[in-house]
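Quick note: residue numbers are just sequence positions, from 1.
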Amino acid sequence: MTAALSAHELIARHRSTLDQALEAIRTRAYWSPHPEHPKAYGEHGSLDAAAGKAAFDALLGTRLDLGQPGTDDWVGGETSPYGVDLGVTYPHADLDVLLPAMKAGQRAWRDAGAEQRAVVCLEILKRVSDRTHEFAHAVMHTSGQAFMMAFQAGGPHAQDRGLEAVAYAYVEQVRTPDNAEWTKPQGKRDPLAMTKQFTPVPRGIALVIGCNTFPTWNGYPGLFASLATGNAVLVKPHPRAVLPLALTVQVAREVLAEAGYDPNLMALAAERPGEGIAKTLATRPEIRIIDYTGSTEFGDWLEANARQAQVYTEKAGVNTVVVHSTADYKGMLSNLAFSLSLYSGQMCTTPQNLLVPREGISTDQGPKSYDEVVADLAKSVDGLLGDDARANALLGAIVTPDVKARLESAAGLGEVALASREITNPDFPGAVVRTPVIVKLDGAKPDAEAAYMSECFGPVSFAVAVDSASDAVELLRRTVREKGAMTVGAYTTDPEVEQDVREACLEEAAQLSLNLTGGVYVNQTAAFSDFHGSGGNPAASAALCDGAFVANRFRVVEVRREA
């Protein structure tokens, strides 16, 4: 295959970015090559806001032909949570044709080496970045995120996570040298001498099973980790969120071909309505790696049944915040209100259970009773979302009827401290927009436990009254151990309570945020610095990103001979 992009050209373009990413994961300091502000785009080949919106509009009602082998049908059916029928159709694959075609290009991709694979991945990410405005609309109209969140989380933050995975993949592959000279002294006899070659070899075809709520942010780490370690990647998007990942596959195939590699190293597996091909794909012998974000039920099924594959899952958890005391009561309430409201709580990191001592907490504004804390938090949420325009910009849209049903039923679980209200989006009258509900529960009552010990995905939180700080820590520990947690938060001015919470999180492997009162929130993590999930509790079997997330996507094979 003739390359329009030479290896030297790609290295010249992207090696410095790779080096900066390697330094960022070493220091854990802030760094990002992808601008967060929409006005930063429009130069050097990137689409500005108008061009990005026009590019998205031009996709509606079209057939996205990726040129894949084995296409036997065209499928679609995405309807935006904002009420827009996307009308895009995608190739449906005959797996018996597509999967062998994907394997055919792996030898040349393996032999390209870690650096070349990395810079090809960075070229893919650069081209995706140039189309961030277009991708933002695609993410918005498949996930229900408000535009600015779709722009940032679905664009630069997702691209950062992809680049982070490439950096970790590179580090792990070059940890072992390509060649070694081995000499062992034998006393008076001639020494034993060997030459040894070490080659990272891919496991096989990697399957990325996409999610509805964050198709790119959750999809890119596994996608780029597998591609950078030499594996072909088959992307099976969520049927309600195909477009962002289909566009990513389209870009990747173009770059691979231009770089002289088989474009079938990246392919899309879209499905017919109700077909449910994820189980079929996950147990195919050709699939050797699986990345999945979604429900605990299906994640558990994958871990139990996809025995031929290395499985990385991010499932459900019950995220908890311990509220013991604070030196900034107003800041605490504002921070929690934003965390509960962002994207209508439809994030795997959104707090659900707020554990508050029933005798109240100490604050810089004096002691506050349990009832006062909950009432003040409800007022803070109300104040944040009191203006409908601002509320729409924060809440986005309810992504599925299931989330709406959980929200409506939550009011029957206990005393409602903050009722949910309906908001109209004037730009998208078909959108379902709801403010969060806060329900008061008594942690000592068995009937309340069924509610707060289960994930209630969406804009639902429980203010759980507990007897003491030690009871809160014990409940936190049990919740993480039994149900898992992607995030834990705590507010305390007491060093002993802080140490107890910290120890519980270390022992149960949960990521902890302490005393957040400013512009950093418990449900947000920064690539190159923060770990998303830990892989050490039931909520996820992997962390985004660490060495363990990439190292088992390849194995090192040695060839040795006498010197």
Side-chain angles (χ1 to χ4, degrees), residues 149 318-347 349-388 390-391 393-395 407 410-411 414-421 423 434-443 452 456 458-466 468-469 472-473 475-476 485 487-494 497-498 501 512-524:
M149 184 175 185
V318 176
N319 301 318
T320 300
V321 178
V322 174
V323 182
H324 170 261
S325 53
T326 178
D328 183 359
Y329 187 60
K330 182 179 178 181
M332 180 189 79
L333 294 174
S334 296
N335 192 280
L336 284 174
F338 188 92
S339 297
L340 299 180
S341 303
L342 185 62
Y343 185 31
S344 300
Q346 298 170 125
M347 303 171 69
T349 50
T350 300
Q352 175 179 301
N353 293 345
L354 310 175
L355 309 185
V356 184
R358 63 180 76 254
E359 70 270 18
I361 69 172
S362 60
T363 80
D364 57 317
Q365 298 183 18
K368 299 289 182 179
S369 68
Y370 165 83
D371 288 333
E372 286 177 314
V373 171
V374 179
D376 288 345
L377 178 59
K379 289 177 185 176
S380 189
V381 174
D382 253 348
L384 177 68
L385 304 177
D387 177 75
D388 283 2
R390 184 179 187 186
L394 284 175
L395 295 171
L407 170 63
E415 180 186 345
V416 176
L418 176 65
S420 177
R421 69 183 180 93
I423 294 177
R434 299 287 189 276
T435 62
V437 62
I438 300 176
V439 178
K440 297 165 74 172
L441 296 175
D442 188 334
Y452 66 72
C456 193
V460 177
S461 58
F462 301 116
V464 183
V466 294
S468 64
V473 173
L475 179 53
L476 163 67
T487 57
V488 172
Y491 291 90
T492 183
T493 57
D494 186 321
V497 174
E498 178 179 320
V501 172
L512 171 63
S513 297
L514 284 167
N515 297 318
L516 299 183
T517 57
V520 175
Y521 303 96
V522 68
N523 43 349
Q524 297 175 320

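Within the model, atoms OH of Tyr491 and CD1 of Ile361 stand 10.5 Å from one another, a figure rounded to the nearest 0.5 Å. Rounding to the nearest 0.5 angstrom, the gap separating the CG atom in Leu394 from the OH atom in Tyr343 is 14.0 Å. Taken from CG in Leu441 to OH in Tyr452, the straight-line distance is 8.0 Å, to the nearest 0.5 Å. Within the model, atoms OG1 of Thr435 and CG of Leu418 stand 6.0 Å from one another, a figure rounded to the nearest 0.5 Å. Once rounded to the nearest 0.5 Å, the distance linking CD of Gln524 with CG of Leu516 reads 10.0 Å. We find the OG-CG distance between Ser461 and Leu354 to be 5.5 Å, quoted to the nearest 0.5 Å.
Residues Tyr370 and Pro357 approach most closely at CB-O, 3.7 Å, considering heavy atoms. When every heavy atom of Val466 is checked against every heavy atom of Ala472, the shortest pair comes out as CG2-CB, 3.9 Å. Across every non-hydrogen atom of Leu377 and Ala337, the tightest pair is CD1-N, 4.0 Å.
By the side-chain contact (heavy atoms from CB on, under 4.5 Å) test, Ser341 pairs with Val381, Leu384, Leu385, Leu395, Pro436, sequence neighbours left out. For Ser339, the side-chain contact (heavy atoms from CB on, under 4.5 Å) criterion is met by Asn335, Pro351, Tyr521, Val522, Asn523, not counting sequence neighbours. Residues satisfying the side-chain hydrogen bond (donor to acceptor under 3.5 Å, both in side chains) test with Asp388, not counting sequence neighbours, are Arg421.
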query = Do Val323 and Met332 pass the side-chain contact (heavy atoms from CB on, under 4.5 Å) test, and can you show the C-alpha distance, the side-chain angles, and the key distance before you say yes or no?
reply = CA-CA 9 Å; Val323 182; Met332 180 189 79; 3.9 Å; yes
inquiry  = For a side-chain contact (heavy atoms from CB on, under 4.5 Å) check, start with the C-alpha distance between Val501 and His324, then their side-chain angles and the critical distance, and finish with the verdict.
reply    = CA-CA 11 Å; Val501 172; His324 170 261; over 6 Å; no
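Side-chain contact, Thr349 with Thr487: no donor N or O sits under 3.5 Å from an acceptor N or O.
A distance-only check finds a donor-acceptor pair linking the side chain of Thr492 to the backbone of Asp494 [under 3.5 Å].
Counting only residues at least two apart or in different chains, salt bridge (charged side-chain N to carboxylate O under 4.0 Å, His left out) contacts with residues 363-386 comprise Asp371-Lys440. For residues 350-360, the side chain to side chain donor-acceptor pair (under 3.5 Å) pairs, not counting sequence neighbours, are Arg358-Asp442, Arg358-Asp467. The salt bridge (charged side-chain N to carboxylate O under 4.0 Å, His left out) pairs that include a residue from residues 318-346 number zero, where partners must be two or more places apart or lie in different chains.
Contact check for Ser380 versus Ser334: side-chain heavy atoms found under the 4.5 Å cut-off.
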